[in-house]
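Predicted, not measured: the structure shown is a model, and the values here were computed from it. Numbers restart at 1 for each chain; the letters A, B, ... are given by sequence-line order, proteins then strands.
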Amino acid sequence: MATFKEYTPASIEKKWQDHWDKTGVLNAESSHDKPKFYPLIEFPYPSGQGLHVGHPRSNTAMDIIARKRRMEGYNVLFPIGYDAFGLPTENYAIKNHIHPAIVTKNNVDHFRSQLKRLGFSFDYSREVNTTDPKYYKWTQWIFLKLFEKGLAYKSEMPINWCTSCKVGLANEEVVGGVCERCGGEVIRKVKSQWMLRITDYAQKLIDGLDEVNFIEKVAVQQKNWIGRSEGAEVDFTLTTGDKLRVYTTRPDTLFGATYMVISPEHPLVEKYKDILENYEEIAAYREAAARKSDFDRTEMNKDKTGVELKGIRAINPVTGTEIPVWISDYVLMSYGTGAIMAVPAHDDRDWAFATKFGLKIIEVVAGGNVAEAAFTDIQAGTMVNSGFLNGKSVKEAKAAIIDYLEQKGIGKRKVNYKLRDWVFSRQRYWGEPIPIVKCPCCGWVPLSEKDLPLRLPEVENYEPTDDGESPLAAMTDWVNTTCPKCGGPAKRETDTMPQWAGSSWYYLRYIDPHNDNELASQEELKYWLPVDWYNGGMEHTTLHLLYSRFWHRFLYDIGVVPTPEPYKKRTSHGMILGSNGEKMSKSRGNVVNPDDVVDELGADAFRLYEMFMGAFDQAIPWQTDGARGCRRFLDRVWKLMERVNDDKGISKDLAYDINLCIKKVSEDYEAMKYNTAIAAMMTLVNTMYQRPNVSKDELGVLIQLLNPVAPHITEEMNELLGFETELVRKPWPKADEKALVKDEIEIAVQVNGKVRCRVMVPSTLTRDDANAYVSALPEVAKLLEGKAAKKMVYVPGRLFNIVL
RNA sequence: GCUGAAGUGGUGGAAUGGCAGACACAGGGGACUUAAAAUCCCCCGCCCCAAUCCGGCGUGCGGGUUCGAGUCCCGCCUUCAGCACCA
């Protein structure tokens, strides 16, 4: 029995990391002979703080899958890169007077060394960086394609403006009325902005969810965000003779429409300036609404406000009744037609409004008490006061009224989405320049492909300006150019792209990262797409994940990529919280630095703990003591080497435990149940310690199962044990089903569903034999005395239940 | 309000309708040690009991289905996340 050196993670981990670097054994193979597997983690934003403990949770989880797949014979592409454009770097550069490119390079180098220290099996030869002109050339190229197809357009419109970052935001970036990034106040500001027509893809983005395997909550959240609703557009005739079009999901309640409401921004007000008797009052209301931020508007949510448009009335097209028209900010210009028919009897908001202003409430669906509250249940209820709809259910009435409206030409079926077009301009320096020039003669003219990349100019000052202009606007040498079309003087667009641009297609570049002629070659794309498994944070569900699906579907439509969807499977990890159960943050002082943990316990123990700490999709508080426990486990695994004897193969009395462990670990890794997989290996180790010895082959299986989680210690042990093949090149073990059949098993004996005792029985025991055997047991016989068994339930291998 | 997820020991958490608390952490006791750390062994849901056995109670609350419910059904409560005047 040989004695082995001590377990010293620092030197062992360095040794194997260098080995992997040198041999490239973890890199994707260029040959397409093997089946491919493409796992992906969200590439990090290289912040100045370095890696936090959240990154390794997702990384380790996918690393385990990647490493297992290699052993299963797949050609695995597990890439890494850096999403390096963005505000924090720019802010740091401003504060410290260092060029953002230099800040970025330093941060990336720091991140890379931290990642390598953790032993992730990334293919570093395919690293991408969104700030590299060779990369953003293609980001710009995609933008030009979007422009060419009419999906990128410049528009003067009210946008979300973060007063702190001094930058426009997409709807997706406004969370709870404040800036997603900095928490600053968001106001509405009218600005000329580049927009992407993601709304053209609303239906495709919903339908595509059926083709992929996303965890339920991701699919649900995306669907809710896109917000499809079915209803009808209906034209009401005004007393002026014009039509006022509304959108409604409840055309069945048309007979109950007792007034109309238009949004403050509705063009009707300007049009009837001279007719309106109370124009002054209306104009004042409109201005007050314009001054409110979106946040204020939603805050006002309970208390409805509004002004009647005096001098105009509308005619309900089915009843012929004249009804008033109001203006109120509970109707949004950006959804539907910016005008509604109000049915106070069957809509909560209309009810509140009508009650406040004393407007008529007419019940058209019986089943509730509309004097008390709006009756909105569409499952129950029968139509009343509704002419030809009377007696029908809501569903029948809906179909009937739409047919009627379409026949009469006063309305039609209509689908609406909550999704808005994507505000794509940022008034910032550190982003991709938008490759478009404004020519006084030709309008917006795209650069030609050969002029890409359009590089960021060197500037003195990256500070954003209060007037909302990009820092690039001051760079007159760069801004003043010639029109690619007419050759006349023209100006460059000075806004840059949002951070989401580079991350919308990065997984494509990994596939062919050094290609100068195309974004990626068709051949490589055909082999590698789609991404097989993408793990990332829930916070990106309606941002990055949705945006990149949109870009991908667009690229599919123009024939650039061979699949309609980019990601076959999407999973999500839970957050790691501070030990006090709160979100980790500097200000709370509960941040754990992964470097410190690696220094104390080693990368393997760190990885093991991150996977063992709890269910992978759950938020879990960090407990350093727990990580120490994982190190203790690795010490025990290491010391098993002292117990290795000269036996060959798997001994009979360990065969069951080992094969059970193979089965459990294999299944649990796939289901991302890493915590129970590790528990199974701990159990096996405990079992091995109950025996005086363990064979080399037995230990060999254990370290192979453990390898994806703790790759360094297991490779080292594999070598010390004298195995010739590295674990990374060995095939993944398969459980021997025969070994999993036991001759004797323990069953629980119950009387009236209560466990009375446990006994070992042959696994092939029949029901009758079991009955005879069990009834004779003293614990049972005592209870059976004088009573007749009413029923007996036998679950072979589990239990025997006698009901008295 | 809407959508989704979750409520199990001191803690993190296990449990295809079939032995609740696997596996760990913390804690307690013991061995080894001059001592401590490390390591190894034992105990560790609650109540009853001096203690052991025996027994009883236990998976947010109230009902139900079932021989049997943490798990399924109905009705609540609480927490978290996302959306939030989207007609």
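- Minimum atom distance to the side chain of A/Lys673 is reached by B/A15, of the listed B/A26, B/C67, B/A15.
- Contact annotation: side chain of A/Lys418 to base of B/C83, donor-acceptor pair absent below 3.5 Å.
- At the heavy-atom level, A/Arg228 lies nowhere under 4.0 Å from the strands shown.
- Considering only the side chain of A/Asn686, B/C23 comes nearest among B/U39, B/C23, B/A14.
- For A/Asn801, the side-chain atoms get nearest to B/G68 when compared with the rest of B/C85, B/A5, B/G68.
- For the residue pair A/Gln203 and A/Tyr417, a side-chain donor N or O sits within less than 3.5 Å of a side-chain acceptor on the partner.
- The interatomic distance linking A/Leu706 (CG) with B/C23 (C1') rounds to 14 Å, in whole Å.
- In the model, A/Thr305 has a side-chain atom that pairs as donor or acceptor with a side-chain atom of A/Tyr285 under 3.5 Å.
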Set out, line by line, the N/O atom pairs under 3.5 Å between protein and nucleotides 7-12 of chain B.
residue	atom	partner	partner atom	Å
B/G12	O2'	A/Met613	O	2.4

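- Distance from the side chain of A/Val220 is smallest for B/U3 among the nucleotides B/C85, B/A26, B/U3.
- Minimum atom distance to the side chain of A/Val793 is reached by B/G18, of the listed B/G18, B/A26, B/G4.
- Annotation: cation-pi pair A/Lys304/A/Tyr330 present, NZ/CZ under 6.0 Å from the ring centroid and within 45° of its normal.
- In the set B/C23, B/A87, B/G82, the nucleotide with an atom closest to the side chain of A/Thr683 is B/C23.
- B/G9 takes the syn form, because its glycosidic angle lies no more than 90° either side of 0.
- No hydrogens or angles considered: a donor-acceptor pair under 3.5 Å links the side chains of A/Ser229 and A/Tyr247.
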